[in-house]
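Residue numbers count from 1 along this sequence. Atom set for the values below is all heavy atoms of this structure, side chains included, hydrogens, waters and symmetry mates excluded. Everything numeric in this text was worked out from a predicted model, so none of it was measured.
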Amino acid sequence: MAGNTSIAGATVTSRVLAIIGAFDERHRVLTLSELARRSGLPVATTHRLAAELVAGDALARRPDGRFVVGRLLWEAGLRAPVTGRLKQVAEPFLHDVYAATLATVHLAVRDGAQVLYVERMAGRASVPIVSTVGSRLPLHCTGVGKVLLAHAPDDIAAESMSNLVRITPHTITSSEVLARQLEDIRARGYATTSEEMSPGACSLAVPVIPVSDPTSVVAAIGVVVPTLKRDRNRLLAALQVAASGIGRQL
């Protein structure tokens, strides 16, 4: 959130951004009072600005009076660089991985000390998980997140290591254990998790490295399956082929 912009001197732009920033993965639908509270604005100001945003299609208002993100913001988000070229290039390869594995397939990038899910493909038989397109999760407890953390700058790694929140009983919360895992990821070129984010879900992920800059990891792709005790090599091969294809086109 943008903080308390109800103080004197706040610009109209900062107030509008505060309203937009009130929405996140856990707050997709908000009442007027919730929107005012999360944006730090007076209810009257929120009501006026929200009405203008609805008129411009930036927000939409449901029949019950609650607000959701509107068409204009959704379309603008699709054009953001993080989801633009990368998503366009990656989609055919992600489809190939899904067709070969029938697993949930993720494309993700690092956003600060979190993993941001850019694309997700899943079918009715896929493992139920918490990630959605646009959602953010901790780096230390997902396959794609561990790949990105293993190649993150030192300050991001330190921030993540100091905040190893336990999500499930299997989440790694020891910085020493995680540091060893990250070394292994850099050495072998892939990451795994076992029920560290969601019970009954294991993941396997690899980095996406553009051929134009072989020292840079720009994204990670991964699959989520019930177990890695079988088909690990087949899953890894599918991911590596896709990551290599994406890297060549980037």
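When all heavy atoms of Ala243 and Pro207 are compared, the closest pair comes out as CB-O, 3.4 Å. Listed here is the closest heavy atom pair of Ala150 and Ile185: CB-CG2, 3.7 Å. Between Val97 and Ala242 the shortest heavy-atom distance is CG2-CB, 3.5 Å. Closest heavy-atom contact between Pro210 and Leu250: CB-CB, 4.2 Å. Shortest non-hydrogen contact noted between Leu228 and Ser203 is CD1-O, 3.3 Å. Of all heavy-atom pairs between Ala103 and Val224, the closest is CB-O, 3.5 Å.
By the 4.0 Å N-to-carboxylate-O rule, Asp64 lies too far from Arg62 to be salt-bridged with it. Between Glu196 and Lys146 there is a salt bridge, since at least one side-chain N of the basic residue sits less than 4.0 Å from a carboxylate O of the acidic one. A salt bridge is defined here as a Lys NZ or Arg NE, NH1 or NH2 lying under 4.0 Å from an Asp or Glu carboxylate O, and Asp24 with Arg136 fails to meet this definition.
Within 6.0 Å of CG on Asp154 lie no more than 12 heavy atoms contributed by other residues, nucleotides or ligands.
Phe23 and Val43 fall within the same hydrophobic cluster, defined by Ile, Leu, Val, Met, Phe, Trp and Tyr side-chain heavy atoms under 4.5 Å apart, directly or through other members. Note on Val29: it does not cluster hydrophobically with Ile20, by side-chain heavy-atom contacts below 4.5 Å among ILVMFWY residues. Linking ILVMFWY residues whenever their side-chain heavy atoms come closer than 4.5 Å, directly or via other members, leaves Val68 and Ile19 in distinct clusters. Hydrophobic clustering (side-chain heavy atoms under 4.5 Å, transitive across Ile, Leu, Val, Met, Phe, Trp, Tyr) keeps Leu204 apart from Val241. Residues Leu107 and Val211 do not share a hydrophobic cluster, clusters being chains of Ile/Leu/Val/Met/Phe/Trp/Tyr side chains in contact below 4.5 Å.
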Mind running side chain to side chain contact (heavy atoms under 4.5 Å, CB included) on Arg188 and Leu236 for me, showing each step along the way? CA-CA 11 Å; Arg188 67 191 182 189; Leu236 180 59; over 6 Å; no
### Task
Start with the C-alpha distance between Arg15 and Thr11, add both sets of side-chain angles, then the distance that settles side chain to side chain contact (heavy atoms under 4.5 Å, CB included), and finish with yes or no.
CA-CA 6 Å; Arg15 292 170 181 172; Thr11 66; over 6 Å; no
(request) Could you go through the side chain to side chain contact (heavy atoms under 4.5 Å, CB included) check for Leu53 and Val16 one step at a time? (result) CA-CA 8 Å; Leu53 290 170; Val16 169; 4.0 Å; yes
- prompt: Where do Arg66 and Arg61 land on the side chain to side chain contact (heavy atoms under 4.5 Å, CB included) test, with the steps shown first?
  reply: CA-CA 6 Å; Arg66 295 188 297 171; Arg61 195 165 193 180; over 6 Å; no
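For Thr45 (side chain) and Leu41 (main-chain N/O), no donor-acceptor pair under 3.5 Å exists by modelled atom type. The main-chain N or O of Ala100 is found under 3.5 Å from a side-chain atom of Arg234 such that the two form a donor-acceptor pair. Judged by distance alone, the side chain of His106 and the main-chain N or O of Val133 form no donor-acceptor pair under 3.5 Å. With hydrogens and angles ignored, the 3.5 Å screen pairs a side-chain donor or acceptor of Ser39 with a backbone N or O of Ala36. Glu34 places a side-chain N or O within 3.5 Å of a backbone atom of Thr31 that can act as its donor or acceptor partner.
Side chains of Phe67 and Val54 form a contact here, defined as non-hydrogen atoms less than 4.5 Å apart. With contacts defined as side-chain heavy-atom distances shorter than 4.5 Å, the pair Thr168/Ser198 does not qualify. Inter-residue side-chain proximity for Ile156 and Arg110 is flagged as met; some heavy-atom pair is nearer than 4.5 Å. No side-chain heavy atom of Val144 sits under 4.5 Å from any side-chain heavy atom of Ile221. A 4.5 Å side-chain heavy-atom check between Arg232 and Thr192 finds at least one atom pair inside the cut-off. Side chains of Leu72 and Trp74 form no contact here, defined as non-hydrogen atoms less than 4.5 Å apart. Side-chain contact between His27 and Arg38 is present, with heavy atoms from C-beta onward closer than 4.5 Å. Side-chain contact check for Leu149 versus Leu178: some heavy-atom pair is nearer than 4.5 Å.
Taken from OG in Ser160 to CG in Asp155, the straight-line distance is 9.5 Å, to the nearest 0.5 Å. Expressed to the nearest 0.5 Å, how far OG1 of Thr227 lies from CD of Glu195 amounts to 9.0 Å. Distance check, rounded to the nearest 0.5 Å: CG of Leu137 to OG of Ser135 gives 5.0 Å. Atoms CD and CG, from Gln249 and Leu86 in turn, are 11.5 Å apart once rounded to the nearest 0.5 Å. Of the inter-residue distances, the one linking Met197 atom CE with His170 atom NE2 reads 13.5 Å to the nearest 0.5 angstrom. Here SG of Cys202 is found 8.5 Å from NZ of Lys229. Values are rounded to the nearest 0.5 Å.
Using modelled atom types and a 3.5 Å distance limit, the side chains of Ser33 and Arg37 yield no donor-acceptor pair. Residues Thr171 and Thr173 have side chains that never bring a donor and an acceptor to within less than 3.5 angstrom of each other.
In this structure, Arg120 fails the cation-pi test against Tyr117, since its NZ or CZ atom is not both closer than 6.0 Å to the six-membered ring centre and inside 45 degrees of the ring normal.
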